[in-house]
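Note sheet for the following structure.
Remember, it's a predicted structure, so these values are computed and weren't measured experimentally. Note: hydrogens, waters and symmetry copies are ignored here, and every other heavy atom, side chains too, is used.
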Amino acid sequence: WLLTIVQMSFLTIYVQILLVVAQGIIIDSFGQLRDENAEVTERLKGACFICGLERHVLDQYPGGMEAHIARDHHSWNYVDLFVLLQTTPRCRLTDLEEYVH
């Protein structure tokens, strides 16, 4: 029964090592997702999503980045444009609208 004890000990240690490796892979994957999410969030906060101008450039103008986004690139204006392009017959679109469509 000494052989049985050695075999059980080996299997127990082997399973424990496999569990630790699996947990490490899972934790590393979630850490990578968190880092990617933080990078995207920082990129969205640091530049205008539409025109790509950096925050430090936009902050030189009155109102800063927030005023630029609210005045020049309000997101609902783009939604309105998309709805217009989808609902207007193609023959009634202007050249610019046709290009964007």
Side-chain angles (χ1 to χ4, degrees):
W1 57 269
L2 182 62
L3 181 62
T4 305
I5 292 174
V6 170
Q7 287 175 343
M8 294 293 281
S9 299
F10 174 76
L11 288 176
T12 303
I13 293 170
Y14 186 71
V15 168
Q16 291 295 323
I17 290 173
L18 287 179
L19 285 174
V20 168
V21 168
Q23 286 176 342
I25 291 171
I26 291 170
I27 290 170
D28 188 47
S29 297
F30 278 113
Q32 184 179 8
L33 287 174
R34 184 185 66 239
D35 292 343
E36 289 174 3
N37 185 27
E39 180 182 329
V40 168
T41 303
E42 186 64 33
R43 197 172 344 132
L44 288 176
K45 287 182 179 179
C48 178
F49 178 72
I50 304 300
C51 66
L53 288 175
E54 298 290 328
R55 176 178 283 278
H56 65 86
V57 173
L58 294 173
D59 284 340
Q60 295 174 358
Y61 297 101
M65 183 171 176
E66 288 74 19
H68 168 76
I69 291 172
R71 182 183 59 244
D72 299 332
H73 298 298
H74 195 271
S75 58
W76 285 107
N77 293 340
Y78 292 95
V79 173
D80 292 341
L81 176 64
F82 181 74
V83 169
L84 173 83
L85 293 176
Q86 296 301 318
T87 57
T88 305
R90 202 163 181 137
C91 62
R92 300 200 63 212
L93 295 175
T94 65
D95 290 337
L96 183 60
E97 292 169 345
E98 180 81 26
Y99 179 77
V100 171
H101 187 270

Any side-chain heavy atom of Glu97 sitting closer than 4.5 Å to one from Leu85?
yes
Going from CD on Glu54 to CZ on Arg43, what distance comes out if it is rounded to the nearest 0.5 angstrom?
11.0 Å
Out of curiosity, Glu98 CD to Cys91 SG, how far, rounded to the nearest 0.5 Å?
9.5 Å
Please list all pairs passing the ring-ring contact (aromatic ring centres under 6.0 Å, His included) test where one or both residues lie in residues 5-47, with sequence neighbours left out.
Phe10-Tyr14
What is the distance from atom CG of Leu19 to atom CD of Gln23, rounded to the nearest 0.5 Å?
6.5 Å
Greater than 12 external heavy atoms within 6.0 Å of Tyr78's OH
yes
Would you say Asp95 has more than 12 foreign heavy atoms packed within less than 6.0 Å of its CG?
no
On a heavy-atom basis, the closest approach of Gly52 and Ala47 is O-CB, 4.2 Å
Between the CG atom in Leu93 and the OG1 atom in Thr88, the distance rounded to the nearest 0.5 Å is 5.5 Å
Using the side-chain contact (heavy atoms from CB on, under 4.5 Å) rule, take Asp80 and Leu84 through it: C-alpha gap first, then chi angles, then the decisive distance, then the call.
CA-CA 6 Å; Asp80 292 341; Leu84 173 83; over 6 Å; no
When rounded to the nearest 0.5 Å, the distance separating OG1 of Thr12 from CD1 of Ile5 is 11.5 Å
Validation row: Arg55, Glu66 side chains within 4.5 angstrom (heavy atoms):
yes
Using side-chain heavy atoms (C-beta onward) and a distance below 4.5 Å, is Met65 in contact with Ile69?
yes
Heavy-atom neighbours of Arg71 CZ exceed 12 at 6.0 Å:
yes
With sequence neighbours left out, write down each residue that passes side chain to side chain contact (heavy atoms under 4.5 Å, CB included) with Trp76, or none if nothing qualifies.
His74, Val79
Do Val40 and Ile50 share a hydrophobic cluster (ILVMFWY, side-chain heavy atoms under 4.5 Å, transitive)?
yes
Here the pair of heavy atoms bringing Pro62 nearest to Ala67 is O-CB, 4.1 Å
About how many Å separate CD of Glu36 and CD of Glu39, when rounded to the nearest 0.5 Å?
7.5 Å
Does His68 reach the side chain of Cys51, with side-chain heavy atoms less than 4.5 Å apart?
yes
